Visitor: 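Just dropping this structure here.
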There are 2 protein chains.
Amino acid sequence: MTTKSWVYGLEELPRVQRTAHTWDDVKALLGGKGANLAEMTRLGLPVPPGFTITTEACREYLKHDALPKALWAQVETALAKLEQRSGKHFGNPDNPLLVSCRSGAKFSMPGMMDTVLNIGLTPEVTLGLSKLSGDARFAWDSARRLVQMFGSVVMEVPQAAFEAVLTERRAQRGVDNDADLPAEDLEDITHRFKALVLAHAGRPFPEEPMAQLQLATEAVFRSWKGKRARDYRKAAGIPDDLGTAVNVVAMVFGNLGADSATGVATTRNVSTGEKALEGDYLLNAQGEDVVAGTRPTRPIASLTQDLPEVAQELFAIAKKLEAHYREVQDIEFTVERGKLWMLQTRDAKRTAQAAVRIAVDLVHERRITRKEAVQRVKPEHVDFYLHPQFDPEAVKAARAEGRLLAKGLNVSPGAATGRLCFDADEAVRLAKEKHDVVMIRAETKPDDVHGMLASKGIITSRGGRTSHAALVARQFGKPAVVGVMALEVDAEKREATVVHTRQVLTEGTEVSLDGTTGEIFLGALQTRQPSLDDPFLLELLGWADSFRQLKVYANADYPRDAERARALGAQGIGLCRTEHMFFETERLPLVQQLILAREPEERKALLEKLQPLQRADFAGLFRAMNGNPVTIRLIDPPLHEFLPRRETLIRDVAELETRARLGDGEGRVLADQLHQKQVLLLAVDSLHEENPMLGLRGVRLGIHMPELVIMQVKALFEAACDCVAEGVKVLPRVMIPLVAHANELEVEQTMLERVAKEVMDRRHTRVSYEFGTMIEIPRAALTADQIAQRAQFFSFGTNDLTQTTFGISRDDAETGFLSEYLEKGILPENPFASIDEDGVGKLMEMAVRLGRLTNAKLNVGICGEHGGDPKSIAFCHRIGLDSVSCSPFRVPVARLAAAHAALEGASSAVSDPLSTAQPTRRSRSVSRAA
Amino acid sequence: MTTKSWVYGLEELPRVQRTAHTWDDVKALLGGKGANLAEMTRLGLPVPPGFTITTEACREYLKHDALPKALWAQVETALAKLEQRSGKHFGNPDNPLLVSCRSGAKFSMPGMMDTVLNIGLTPEVTLGLSKLSGDARFAWDSARRLVQMFGSVVMEVPQAAFEAVLTERRAQRGVDNDADLPAEDLEDITHRFKALVLAHAGRPFPEEPMAQLQLATEAVFRSWKGKRARDYRKAAGIPDDLGTAVNVVAMVFGNLGADSATGVATTRNVSTGEKALEGDYLLNAQGEDVVAGTRPTRPIASLTQDLPEVAQELFAIAKKLEAHYREVQDIEFTVERGKLWMLQTRDAKRTAQAAVRIAVDLVHERRITRKEAVQRVKPEHVDFYLHPQFDPEAVKAARAEGRLLAKGLNVSPGAATGRLCFDADEAVRLAKEKHDVVMIRAETKPDDVHGMLASKGIITSRGGRTSHAALVARQFGKPAVVGVMALEVDAEKREATVVHTRQVLTEGTEVSLDGTTGEIFLGALQTRQPSLDDPFLLELLGWADSFRQLKVYANADYPRDAERARALGAQGIGLCRTEHMFFETERLPLVQQLILAREPEERKALLEKLQPLQRADFAGLFRAMNGNPVTIRLIDPPLHEFLPRRETLIRDVAELETRARLGDGEGRVLADQLHQKQVLLLAVDSLHEENPMLGLRGVRLGIHMPELVIMQVKALFEAACDCVAEGVKVLPRVMIPLVAHANELEVEQTMLERVAKEVMDRRHTRVSYEFGTMIEIPRAALTADQIAQRAQFFSFGTNDLTQTTFGISRDDAETGFLSEYLEKGILPENPFASIDEDGVGKLMEMAVRLGRLTNAKLNVGICGEHGGDPKSIAFCHRIGLDSVSCSPFRVPVARLAAAHAALEGASSAVSDPLSTAQPTRRSRSVSRAA
């Protein structure tokens, strides 16, 4: 039996691959950072020597609260090799080796876990380093940084304590920047930091290099379980049981003079997708300085002037890495006295537009296949793409009015308007009260993420394209503008000042930010729906269409919606809610009179007024969808929804009664008013139901009061005949809602098919039509075999089906116990957002299977809101639906999601880390359906 | 290929049995009447010769609207045989054969279909008969009857037209009775009847015997589809596609003089079950005269004096038939000039008490097994047995007060009070308006059945124990008193007169009738629950208990209910609705304060007041159920149910606001009142939900507001510990309602088990308890495997499960569209009365299967109202439930129904004709569950 390997040198990738067969396995074991460092080492790129302690070790550590037994001996061996490769020695003042100790999980969690740099610095080693580098300031600054990071990460001393010392010293010296503090001050500060550690932690700072390394390793392991990391994983959907690896790598220093530098870059522009290396660097600086945004960075192009040879090498490496990974890379590098070191490479995060353009470009460059391109763009990207943008006219006007406050870096596109808010907790609180919030900070930290998620948009006065704020905003699709130097943010006072005008923006001030242009305006700006003219997106969606099996329809109630939907790629209308037409201003009074009418004659007259209006509605839809199916749902909601609210009437009647009793007002007038209200209340009372969701609506209404649906079907078939005469190709589908028993459909459909036939006979026109039903009541799903004997199509109404399957009234619950359940984790996700596969989904699978048992040609679709949700679309694909229908704007999202769903079955190359949980679910689902 | 046989002679039973193997098959082919006539023939009893045209022929006729081709030739052959056996000839005036043509379906449908007697009488034959019988009156009366029956049945002449002629003639002659009309009149009437037929039908009465027979046969076939017959089948649950047979039998005449008679009898008393032949007969009369109740009948015992030899023979035959059929028989006989003829035998309909007593007696007489006895008593019988009876003290008082109006025959037991109503349609109308109705008629006809079903009780002034009114009342369990000679009923005037006092009872007068004693009282009488001391019933239920596999629990909220339930045989409490305790007068204010309380301290104080009350409640239940499980459901309804109605508060606030504005009343007082109501309205508003059925209740409430359920569980376990100390054996089951997701149970149960443990630890007492959940939301059934990981028992809440599975709010729907659906036949039965097996039942089957997959020892029961419904109990047995729970009074019903369910699986001897559809359903259900 061989001993378990807990540690691998960066040069040992082949040994890793003996047990970890796929790249995914390697990343799972070494973490993404460790795997990529090893891969770069294998490619012969200049990577400092180092080794990785595996995620397995982390999991063991977290399980037993102790490092695995054999681990430390392996670390010592690996360290010895590292010394050998670097030619330096850990703890040796004459030739000191310093190492960094960084976390690196399978999936990137930027800034979420801990890092300790400069491990190995003892007082003696610091002196030695000072001598060797000839730079006492550098040596003591390094020591100061070690104590500060170690103190905060390992020994849990508050950062603020360290910052206070620095602030005080800067004030004494009258300087703005730590870089301006002399070596003596830094030495003194180092000692004071150590005293702080002792005072806060009750233990001294360890002056033994191996002890430093071990404690740092354990602290990194522990940071996996920190609140920040857990919150992030929850938001990003990363499983909690993966653990993190620890990368121990020889330190290289970008702050050893003018021929040293540190920087970050992406191999393409991750905001626009343009094919050009993008990045920032700082001469004579350490890595965090670039990310922290505390000093103005230099654009990567300047490197050609500053360090031409390094620039040439770096650009070549960037190209090589992108070609190797077949994906845009996000790299970190340090130049130590003219020598380039690669510290990290990873797939770059990007904006939606960039994701689309990069995927399409890589296909044109023959780097990846169309299939891969489609798979690399997430439905969320397309969704975001379609978010409103500010109306250009409104922007022009705002500029003219002097409302442009400032401009910063456009790091995450989209338009957002909201009240300024200066801290995360407050942002969450306001968002809960349904306010739109724009969070503003000097810079953001992981502690702020919950506030960022609650905000509509994010502004920071510092930081660059790769700053924490920019990364998080892009990842979660929040419009963001960072590095807005023209704004001074004072979080304490809760105000921001526009530098050149001294205009003060207090908390609550309404601002608008444009993440696409980087502009920030005072007040709200009109937004508009973006056009889909982006040729990259159109090309990509075209490819997606060639892969998907699900048809994508739109839910559209009006011709203008239908036209828009068609332009967005809808292949028909999956749901037209006819009752929406009844709510229109000129029609509602007719509908109300109809409901209140006692005499058949009166009803008939009113229906005759409504019929031509409905006919025109339907004709518009048919014309817009020429050649594509148009699914029209007959009236669904309970009639009381068309009348005034019962509560209002009760109040009005009580008031009028009291006034009449007390003689307030002219008796005759009062009596008339009272009578009117009383009659109305009587009618509303007679329609009142304790649980209208479960009441007289849908097909029940059609059976109880047939005139209304007969009018609708007449209007529909008259419109169809009219359109046929015009040369329009009409494919109407009449959809009967809320069926629970096959007999309901039998009665209603038989009646309505007769009506349809009468119209067509009278007009001497044949229309190719279908009758079908919503499946939105559990019993309909359970008896789908019986219902399919009559229905030619099914359409899942998953909003209602979720309500009845869960026994939850959505309107009541989402602001009540449902959100409590989601907060407490009792429900893993909102079943009204994504289909509850175990419950509602099981009914859907049954319905599909039973329905097709009776009618093999049965068309099955979905028209609930879930029809536009990518996760739900994938589920619909798996259970064999023919189509999904969603709101017009979600049609492009659905097209892509449907393609993903189809490709997921055919391909095992899962590029999206978040979807790794899918295969298990899928196999279970398949066996369930079998 | 042999020709299909459409016709069988009564002597041809062996030939029938070549294709119809079981007795059930024989009845299906020949109808019950035909099969029994053939069987009596086989037994050598005196049955007039005849033949049966099969139900197959009927089905063919109804399908093609024409008699099957080969049929009439077979009838001619059979008729030839009949002539041979009777020695008479059809249509021969010198030796005429007359036949009756009667319907006879598989299941008895008394009076529902048509009969034509005296077929074969032409003018010549009538003269011949007159000569042969020496009785011209008899001959012309027979002819008159033939034309009248044929005219009405076959040629659809209104009965009223014939009656008018008779009435006129009686008036002319100054006689009350047709029997007093002389032969000349009857001859004349016969001619006038024929003229009526020609006038009404446009065709002459056929004077050709074979034509008469054929037209009568077809008319009888058609009568299967008549409205009356369809209504009856619907009420009795007889399938519509069986068809009826036609029995053509040689006429025998009970009206040929003093040595002729006709009568009916049952082999035991079908009201009480006593072992004694009961019956009525008339000398010199035709069969209908006895049933119609137009002449006072003689009790069967008198036959020994009137016709001693016939009596001896008849009594022997009755014994023989009962022994042969192993069941009480209902027989019809005619004596023609001293010769006894058996015209019919069938299993006798009986009252509940009689059914029980007869079944038990037959076991003691070793005629049937205990199993058969249990199977012969229907759950409905036991149900009826338990109906309220009048309080004996109230009866005594009513008698003393002179409120006893009259006494009649006690033909269908039970007590009923209601408004007098003189016709069926009015009875239905009033019943729909929720009035209790007692229908009163001189006599009832099939046309009246819908009114009888709508009534609480039935009174007729004429008729006997076997009258139409008596038969129908017994069959449908309506209390009835018939033959109340002391009442004169005038349906035209809508009044009844008490003969000896001339007191007039107008429509709407409230009366009470006791079907057990035959007494009728003015006004309402106090009723009381019957005791279950009937030793026959106790013995039978004891046998039932030995057969059943389902445990029977009771739904009981109070100790007094629990005690009653136990006395009725409950083996535990399946459902205690704890919230009912909260509604009690002294507690409701506490509960209201609790809901309105803002401060935790205030809530705590209120809960501490409630806790001892609940503890006492629970202790009472444990004591009453000593040794049996007590299932306690934690609070279920939404909190607003404990507060005043929102509508009322809105009205009150509006009124007070208006008064305050107009200065009506003392400002301070008004402001205070207004404030109070406003605060209350605010609280109610905050709890308001659009669909409370689907809202914050059940486990959701427990999670949202844990204090309340924690208090309940504390009280429960304290009570349990108290009872253990007293030596009571307690088996508490804590039931958590409305679970939809396994996590809800996980959270709630974990919390409450900790509370339980704390109590038991503090009291140093171990209680053997279980935690479980209601399955009343579709999702719970669909994910029962997950839920069973925590739950130790399931209890189906089929009321709620039906609501959510159907998407129907019961309270709203049962008075609305649901009753419309039942009327229109869209739903075959009310799913809240009997489990909807295709939908709700499918979910239940899934839940049982999935739950036991996880936890093989899972206890599964039902505690919705369906738990007391025999059909639903049978379903629960089939899907493998462990128990049913129902209201205390239904416990005996459930015990018997559970035994039936168990025996149904083990036995193929199905005695109840209505259950023949079951095997199919069962096998389907089994395959579904597999």
Side-chain angles (χ1 to χ4, degrees), chain A residues 646-647 650-659 662 664 688-696 698 700-701 703-704 738 740-741 743-744 746-747 776-780 782-783 786 800 803-813 816-817 820-821 824-828 836 838-840 842-843, chain B residues 646-647 650-659 661-662 664 688-696 698 700-701 703-704 738 740-741 743-744 746-747 776-779 782-783 786 800 803-813 816-817 820-821 824-828 836 838-840 842-843:
Chain A
R646 188 159 168 258
E647 291 84 341
I650 291 174
R651 207 180 47 224
D652 291 353
V653 166
E655 187 190 323
L656 286 167
E657 276 174 353
T658 310
R659 285 179 56 202
L662 299 176
D664 175 53
H688 177 69
E689 294 175 313
E690 287 300 315
N691 298 286
M693 248 300 298
L694 308 177
L696 185 60
R700 300 163 188 177
L701 196 59
I703 289 173
H704 176 70
L738 214 76
H741 195 289
N743 289 353
E744 294 176 302
E746 177 63 36
V747 167
E776 53 185 338
I777 296 285
R779 197 180 186 284
L782 292 162
T783 59
Q786 295 168 14
D800 273 16
Q803 295 199 83
T804 43
T805 304
F806 267 91
I808 287 180
S809 170
R810 180 177 187 175
D811 292 337
D812 297 324
F817 72 88
E820 189 179 338
Y821 272 20
K824 292 185 176 168
I826 293 174
L827 287 183
D836 155 52
D838 286 353
V840 177
K842 202 172 197 174
L843 280 178
Chain B
R646 187 157 169 261
E647 290 85 341
I650 291 173
R651 208 182 44 222
D652 291 352
V653 166
E655 187 191 324
L656 286 166
E657 275 175 353
T658 310
R659 286 180 56 201
R661 186 164 55 74
L662 299 176
D664 175 53
H688 177 70
E689 294 174 313
E690 288 299 316
N691 297 286
M693 247 301 299
L694 307 177
L696 184 59
R700 300 162 186 176
L701 195 59
I703 289 172
H704 178 70
L738 215 79
H741 194 290
N743 290 353
E744 293 176 303
E746 178 63 36
V747 167
E776 52 186 339
I777 296 286
R779 196 182 185 283
L782 293 162
T783 60
Q786 295 168 14
D800 273 17
Q803 294 199 82
T804 42
T805 304
F806 266 91
I808 286 180
S809 170
R810 180 178 186 174
D811 292 336
D812 296 325
F817 72 87
E820 188 179 339
Y821 272 21
K824 291 184 177 169
I826 292 172
L827 287 182
D836 155 53
D838 287 354
V840 176
K842 202 171 196 172
L843 280 178

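All of these numbers come straight from a predicted model, not from anything done at the bench. Chain naming here is simple, since letters A, B, ... match the order of the sequence lines and numbering starts at 1 in each.
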Visitor: With rounding to the nearest 0.5 angstrom, report the CD to CD1 distance, B/E647 to A/I650.
Guide: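 Rounded to the nearest 0.5 Å, the CD-CD1 separation comes out at 5.0 Å.
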Visitor: Using a 4.5 angstrom heavy-atom cutoff, name the option from A/G698, A/P778, A/A654 with the most pairs to chain B.
Guide: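 Counting heavy-atom pairs under 4.5 Å, the top option is A/P778.
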Visitor: Between chain A and each of B/H688, B/M693, B/E746, count heavy-atom pairs under 4.5 Å; write down the option with the most.
Guide: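 The candidate making the most pairs under 4.5 Å is B/M693.
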Visitor: A/Y821 and B/I703: side-chain contact (heavy atoms from CB on, under 4.5 Å), yes or no, with the steps?
Guide: CA-CA 9 Å; A/Y821 272 20; B/I703 289 172; 3.6 Å; yes
Visitor: Main chain of A/S809, side chain of B/N691: is a donor-acceptor contact present, judged purely on distance under 3.5 Å?
Guide: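 Judged by distance alone, no pair lies under 3.5 Å.
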Visitor: Is it the side chain or the backbone of B/L738 that comes within 4.5 Å of chain A heavy atoms, both, or neither?
Guide: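 Interface part for B/L738: neither.
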Visitor: Got a second to check how far B/I826's CD1 is from A/H741's NE2, nearest 0.5 Å?
Guide: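 Answer rounded to 0.5 Å: 10.0 Å.
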Visitor: Which atoms of A/D800 come close to chain B, meaning under 4.5 Å heavy atom to heavy atom: side chain ones, backbone ones, both, or neither?
Guide: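 Nothing of A/D800, per the 4.5 Å heavy-atom cut-off to chain B.
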Visitor: Quick one: do B/E657 and A/R651 make a salt bridge, cutoff under 4.0 Å?
Guide: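 No, no charged N to carboxylate O under 4.0 Å.
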Visitor: Between A/L662, A/T783, A/V653, A/T805, which shows the greatest number of heavy-atom pairs under 4.5 Å with chain B?
Guide: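 Among A/L662, A/T783, A/V653, A/T805, the one with the most close pairs to chain B is A/T805.
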Visitor: Would you call B/R779 and A/D838 a side-chain contact if the rule is heavy atoms closer than 4.5 Å?
Guide: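 They are in contact (side-chain heavy atoms under 4.5 Å apart), so the answer is yes.
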Visitor: With respect to chain B, which residue among A/R700, A/R659, A/E744 yields the maximal number of heavy-atom pairs within a distance under 4.5 Å?
Guide: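 Option with the top pair count is A/R700.
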Visitor: Of the backbone (N, CA, C, O) and the side chain (C-beta and beyond), which part of A/H704 lies under 4.5 Å from a heavy atom of chain B, both, or neither?
Guide: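 Interface part for A/H704: both.
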Visitor: Please identify, among A/G695, A/A780, A/P692, the residue contributing the most non-hydrogen atom pairs under 4.5 Å to chain B.
Guide: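 Heavy-atom pair counts peak at A/P692.
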Visitor: Quick check for you: among B/L656, B/L782, B/L701, which has the greatest number of heavy-atom pairs under 4.5 Å with chain A?
Guide: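 Highest number of heavy-atom pairs under 4.5 Å: B/L782.
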Visitor: Nearest heavy-atom pair of A/T658 and B/E655: which atoms, and what distance?
Guide: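 Answer, listing the atom of A/T658 first, then B/E655: OG1-CG, 3.1 Å.
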